[in-house]
Amino acid sequence: MAGSALKERRGPEILAPAGNAFKLRTAVRYGADAVYIAGRSFGLRSAADNFSEGEIIEACRFAHAHGTKVYVVLNAFMFSDELDRLPEFLACLETAQVDAVIVSDLGVVETTRRHSRIPIHLSTQASTLNSRAAAFWRELGVSRIVLGREATIAEAAAIKEESGVEVELFGHGAMCMAFSGQCTISNFTAGRDSNRGGCIQSCRFHYQLHKDREDTNYTETGTILSSKDLMSLDLMENFVRAGIDSLKIEGRMKSPFYVATTTRAYRMARDQVVAGKSDVDRLFSELNTLSRRDYTRGNLAGKAGADSVYRQDRAKPQQTHFYLGHLLEDSANGRVLLQLRNGLERGSSIEILPPREEPVSLRVEEIFDLRGLPIEAGKPNQVVSIPCEHTHFQREWIVRAAHVEHQQQFAV
Amino acid sequence: MLNISSSLPFRVGADFSARIPGLQEVFLQHQDTARLGRDDDEAVTSQATSAKEVGLRRVLVWDLPCENRDITVFKELIQRLGSDWFDAVITLDPGAASFCMQNLPEKSRYLDLRIGNHNLIGIQTWCERFQPECILISNEIPMPLLTEMRPHIPCRVAYPMFGKLVIFHSPRKLVSPVDPSHEDHEYLQRYITSVEDGKRFPLLENKHGTFMFYEKDLWLLPYLAEAEAAGVDTAFLDLSQFEGEAVVRALADYLKQPDETGLAAVKQYLGPRLTRGFFKSNRTDKQFTRLNNEHILRRDEMTWVGTVLETKKKEYIAFESEGGFAVGDQLEIHTPDGKTLELDITWIKNSRGQKVEKADGPGLWLTNHTAKVSPKSRAYRRD
């Protein structure tokens with residue numbers, strides 16, 4: 001397809017995770033077309049802060065004001081008594097004007113359909129991988145399917161064409177090794193339902209391999225069941241060509257730094273491809289700023305092989321940066337006000353991450369505490385101000401710093 | 001007595017399996033359609049023939065999470081072997097069920113609902129859409145819950161009561177890349193021990209990927225009467241991971257005369273530890289929530305002001321706030337460790353240290369200090 005034809009396509013929606021209100025605002029500011037959040041019940045990430053009903057209403061107001069959609073996950077496998085409580089929550093979601101709910105359980109699909117007009121997206125937990133299944137779900141009122149992570153981009157395009165339903169694919173982040181929704185290790189070994197927010201991540205454990213049950217000899221396999229992290233920045237053109245409706249970034253539990261960096265990189269990549277140009281190498285280096293496992297394309301460009309297994313006994317990839325904090329106010333009068341998440345020493349360099357421009361480096365010549373007194377170093381969680389001549393930095397922009405071994409590369 | 005369905009042990013004829021008292025039907029596991037299947041065309045049709053000869057119904061297992069190509073593979077199987085050799089098909093995937101409904105309307109439909117499907121509305125909707133003759137439900141539905149649901153389920157209900165429990169299925173091959181001694185890439189049986197907790201799990205790799213089984217085998221045969229009373233119509237015995245006739249003989253003897261001797265005879269074919277699964281109660285029926293600190297979750301019933309970022313004893317409290325509070329207001333502060341404190345606002349400063357009467361917008365605001373307030377505390381205005 002020629003570049004001009006690509007320009008005629010919008011490319012996939014960039015769908016970002018938002019584990020709490022600040023992460024939601026971060027995702028919106030850094031370019032998400034849509035965000036997914038959870039209420040205090042019915043989702044799979046119980047350890048995330050999640051949103052009260054009041055916060056969901058505010059989240060929708062904020063996101064919609066910026067042209068961003070809000071999807072609410074209801075993807076736990078539910079028991080009957082929980083379904084009894086669901087209509088009340090659905091009414092709240094309708095009041096908030098959420099744009100869709102993400103559901104995996106047929107009982108939840110049916111209850112949502114009966115009690116609301118909210119569009120229904122089918123979760124990846126349902127492991128939908130064929131056109132007939134997609135058509136089945138469409139007939140039940142599902143408007144979009146988050147396909148199983150086992151689908152290739154080409155298969156997703158075929159399913160979309162044959163079933164007439166919108167398709168969404170995970171494009172970035174940690175991924176289950178098992179078919180999503182088909183893993184019950186936590187249920188049986190720990191009494192915590194992995195499909196109800198209790199996953200203990202047994203697939204990340206280290207294992208030894210034996211020939212039989214009583215065998216005392218073993219092969220040290222390391223993290224034999226653990227998957228590398230998904231990364232598809234260099235496949236953006238394939239997403240655009242295939243007409244995939246949405247590219248989802250995993251990680252409601254991850255930091256605002258992760259949300260900002262991934263959302264910004266994928267948004268830029270999508271916009272560049274649609275505009276007929278692309279600088280994937282530059283954007284890829286942005287993703288390397290994050291803490292992560294090795295990257296894999298997963299199944300997106302072809303079925304995942306042995307090289308998609310994350311062997312933790314190998315050298316861990318070195319993240320180049322760490323999360324320093326965020327701006328508490330717009331920069332003005334020659335300074336920025338910063339809430340620190342990690343320590344900051346006088347003389348070090350930091351980078352402000354604007355949503356749509358290159359990162360801006362600053363040398364920290366002086367640090368002041370909230371009383372205006374000069375200090376040598378700021379501690380994690382402390383609020384500090386530092387002199388800065390830039391006046392266009394905005395509240396809640398993310399600030400990062402390079403690890404020592406990478407400082408030369410990113411020196412001011 | 002409860003009817004019994006069973007998959008077949010490897011290399012054991014359906015006619016021999018008919019010794020199991022109450023056995024009504026056998027599950028045929030072709031290697032192309034059943035995720036744990038080992039039988040090829042010849043073996044599966046031979047099993048089907050012998051099952052018919054001894055009066056057993058034959059249920060073809062198609063329990064893969066299907067890609068489009070898996071549906072093509074199933075079509076080719078039917079084109080190759082016809083469809084006279086089985087009476088019903090059990091499917092896991094709605095696409096597979098839909099295919100059977102459309103293309104094999106004369107065959108009975110069974111649905112494999114062993115993962116999830118814990119609520120009545122969902123089960124009823126599956127039944128309404130596919131009109132199955134039988135559903136195989138989750139062991140995570142305990143008997144008390146099934147007793148409540150059963151009168152409202154419009155088809156036969158089968159319940160897993162014996163065998164190995166699949167707890168993990170990945171389409172990726174995970175054993176062969178790390179096993180230096182493997183000879184057969186098509187079917188690898190191994191065990192893995194978790195370094196973290198010392199548990200040892202059976203592991204299997206075949207053409208459909210990698211499967212992990214629970215370290216304890218499901219053992220509910222002493223509870224057949226209890227299951228029947230709760231409304232189970234059919235006990236499903238999964239023998240597919242066993243090999244040879246001895247396990248069938250031991251099971252048959254036990255079911256004819258359930259006693260300690262019979263139990264010991266069966267147990268030698270099972271793992272060292274047995275489980276009832278969730279038959280009696282389900283510990284996972286409550287969502288896992290204890291990682292959240294409820295004290296710092298925002299409360300909608302109060303007027304939200306902001307979050308405490310920093311405090312300096314006897315000097316200030318710094319709030320990140322959208323504003324909306326003024327000198328003279330009384331704030332209620334909820335600390336992370338569960339205390340509820342009051343703060344009468346006597347002064348407010350902006351982030352530049354300038355005194356103001358009102359926090360009138362988003363940003364950082366400093367107020368007078370009060371004891372015991374810590375960062376991450378949540379502040380609400382008392383109206």
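Below, chains carry the letters A, B, ... as their sequence lines are ordered, and counting in each starts from 1. None of the values given here were measured: they were computed from a predicted structure.
- Heavy atoms closer than 4.5 Å to chain B are found in the side chain of A/E155, but not in its backbone.
- By number of non-hydrogen pairs under 4.5 angstrom with chain B, the leading residue of A/E150, A/E329, A/R213 is A/R213.
- The shortest side-chain heavy-atom distance between A/L225 and B/I192 falls under the 4.5 Å cut-off.
- Heavy atoms closer than 4.5 Å to chain A are found in the side chain of B/Q102, but not in its backbone.
- Ranked by heavy-atom pairs under 4.5 Å with chain A, the first of B/L203, B/D300, B/T193 is B/T193.
- How far CG of B/L297 is from CZ of A/R40: 4.0 Å, rounded to the nearest 0.5 Å.
- No other option in A/T128, A/D369, A/N20, A/L140 has as many heavy-atom pairs under 4.5 Å with chain B as A/L140.
- The contact between A/I185 and chain B is made by backbone and side chain atoms together, counting heavy-atom distances below 4.5 Å.
- Aromatic ring pairs are classed by plane angle as parallel below 30°, tilted from 30° to 60° and perpendicular above 60°; the pair B/H169 and A/F179 is perpendicular.
- Comparing A/D105, A/I224, A/L337, A/L370 by how many heavy-atom pairs each has under 4.5 Å with chain B, the most go to A/L370.
- Contact annotation for B/E322: only side-chain heavy atoms (C-beta onward) come within less than 4.5 Å of a heavy atom of chain A.
- With a threshold of 4.5 angstrom between heavy atoms, B/Q189 approaches chain A through N, CA, C or O but not through any side-chain atom.
- Residues B/E320 and A/H326 have side chains in contact (heavy-atom distance under 4.5 Å, counting atoms from C-beta outward).
- For the set A/I57, A/T111, A/D215, A/V109, the entry with the most heavy-atom pairs within less than 4.5 Å of chain B is A/D215.
- The line from CG of B/N139 to CG of A/N187 is 10.0 Å long, rounded to the nearest 0.5 Å.
- Side-chain contact check for A/H210 and B/R190: no donor-acceptor pair (N or O, by modelled atom type) lies under 3.5 Å.
- A donor-acceptor pair under 3.5 Å is absent between the side-chain atoms of A/E110 and the main chain of B/I121, judged by distance alone.
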Between B/S351 and A/R335, is a side chain to side chain contact (heavy atoms under 4.5 Å, CB included) present by the stated rule, with each step listed? CA-CA 11 Å; B/S351 64; A/R335 63 152 206 174; 2.7 Å; yes

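- Looking at B/R114 and A/T184, their side chains never bring a donor and an acceptor atom within 3.5 Å of each other.
- Contacts of B/K349 with chain A are absent, with no heavy-atom separation under 4.5 Å from either backbone or side chain.
- Annotation: maximal heavy-atom pairing with chain A below 4.5 Å, among B/G95, B/G122, B/P375, occurs at B/G95.
- Here the side chains of A/M177 and B/T210 are not in contact, with every heavy-atom distance at 4.5 Å or above.
- Neither the backbone nor the side chain of B/W304 comes within contact range of chain A; no heavy atoms are under 4.5 Å apart.
- Both the backbone and the side chain of B/P171 come within less than 4.5 Å of a heavy atom in chain A.
- Proximity of the aromatic rings of A/Y218 and B/Y191 is defined here by a centroid distance below 6.0 angstrom, and this criterion is not met.
- Of all non-hydrogen atoms in B/P362 and A/R395, the two that sit nearest each other are CB-NH1, 3.2 Å.
- Note that the CZ atom of A/R132 and the CG atom of B/D93 stand 11.0 Å from one another [nearest 0.5 Å].
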Stepwise side chain to side chain contact (heavy atoms under 4.5 Å, CB included) check, A/L129 with B/N68: CA-CA 7 Å; A/L129 294 166; B/N68 279 340; over 6 Å; no

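- In summary, B/R298 and A/E58 engage in a salt bridge, as defined by a charged side-chain N under 4.0 Å from a carboxylate O.
- Only the side chain of B/L165 comes within contact range of chain A, with at least one heavy atom under 4.5 Å from a heavy atom of that chain.
- With respect to chain A, the highest number of heavy-atom pairs below 4.5 Å among B/R352, B/Q124, B/R69 belongs to B/R352.
- Pairing each heavy atom of A/R371 with each of B/Y316, the nearest pair is CG-CE2, 3.8 Å.
- Within residues 269-277 of chain B, the residues that have a heavy atom under 4.5 Å from a heavy atom of chain A are B/G271, B/P272, B/G277, listed by number.
- In this structure, chain B has heavy atoms under 4.5 Å from both the backbone and the side chain of A/E53.
- A salt bridge links A/K303 and B/E67; the closest N-O separation between the charged side-chain nitrogens and carboxylate oxygens is under 4.0 Å.
- Between the A/S127 side chain and the B/P65 main chain, no donor and acceptor come within less than 3.5 Å of each other.
- In this structure, B/E310 contributes its side chain and A/V383 its backbone to a donor-acceptor pair below 3.5 Å.
- Taking a 6.0 Å sphere around NZ of B/K199, one finds it holds more than 12 heavy atoms contributed by other residues, nucleotides or ligands.
- With a 4.5 Å cut-off on non-hydrogen atoms, A/E55 touches chain B through its backbone and its side chain both.
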Determine, step by step, whether A/L209 and B/D179 satisfy the side chain to side chain contact (heavy atoms under 4.5 Å, CB included) criterion, reporting the C-alpha distance in whole Å, the side-chain angles of both residues, the deciding distance to 0.1 Å, and the verdict. CA-CA 8 Å; A/L209 189 69; B/D179 186 341; 3.9 Å; yes

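- Side-chain atoms of A/F188 and B/K216, non-hydrogen and from C-beta on, never get closer than 4.5 Å to each other.
- Using a 30° and 60° split on the angle between ring planes, B/F201 and A/Y207 fall in the perpendicular class, above 60°.
- Among the candidates A/G372, A/G305, A/S308, the residue making the largest number of heavy-atom pairs closer than 4.5 Å to chain B is A/S308.
- Looking at B/L309, the atoms closer than 4.5 Å to chain A (heavy atoms on both sides) sit in the backbone and in the side chain alike.
- Summarising the local packing, CD of A/E161 is surrounded by 12 or fewer heavy atoms from other residues, nucleotides or ligands at distances under 6.0 Å.
- Rounding to the nearest 0.5 Å places NE2 of A/H206 at 10.5 Å from OG of B/S194.
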Apply side chain to side chain contact (heavy atoms under 4.5 Å, CB included) to A/Q208 and B/V195, showing your working. CA-CA 7 Å; A/Q208 297 163 341; B/V195 173; 4.0 Å; yes

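- Taking A/S131, A/G181, A/A21, A/A306 one by one and counting their heavy-atom pairs under 4.5 Å with chain B, the maximum is reached by A/S131.
- A/F77 has its side chain within reach of B/I115: a pair of non-hydrogen atoms, C-beta onward, lies under 4.5 Å apart.
- Of the two parts of A/S202, neither the backbone nor the side chain holds a non-hydrogen atom closer than 4.5 Å to a non-hydrogen atom of chain B.
- In the model, B/D70 has no side-chain atom that pairs as donor or acceptor with a side-chain atom of A/N130 under 3.5 Å.
- The ring of B/F130 has its center closer than 6.0 angstrom to the ring center of A/F136.
- Only the backbone of A/N381 comes within less than 4.5 Å of a heavy atom in chain B; its side chain stays farther off.
- Interatomic distance, B/R172 CZ to A/S227 OG, rounded to the nearest 0.5 Å: 3.5 Å.
- Only the side chain of A/L83 comes within less than 4.5 Å of a heavy atom of chain B; its backbone N, CA, C and O stay farther away.
- Interatomic distance, A/L106 CG to B/N119 CG, rounded to the nearest 0.5 Å: 8.0 Å.
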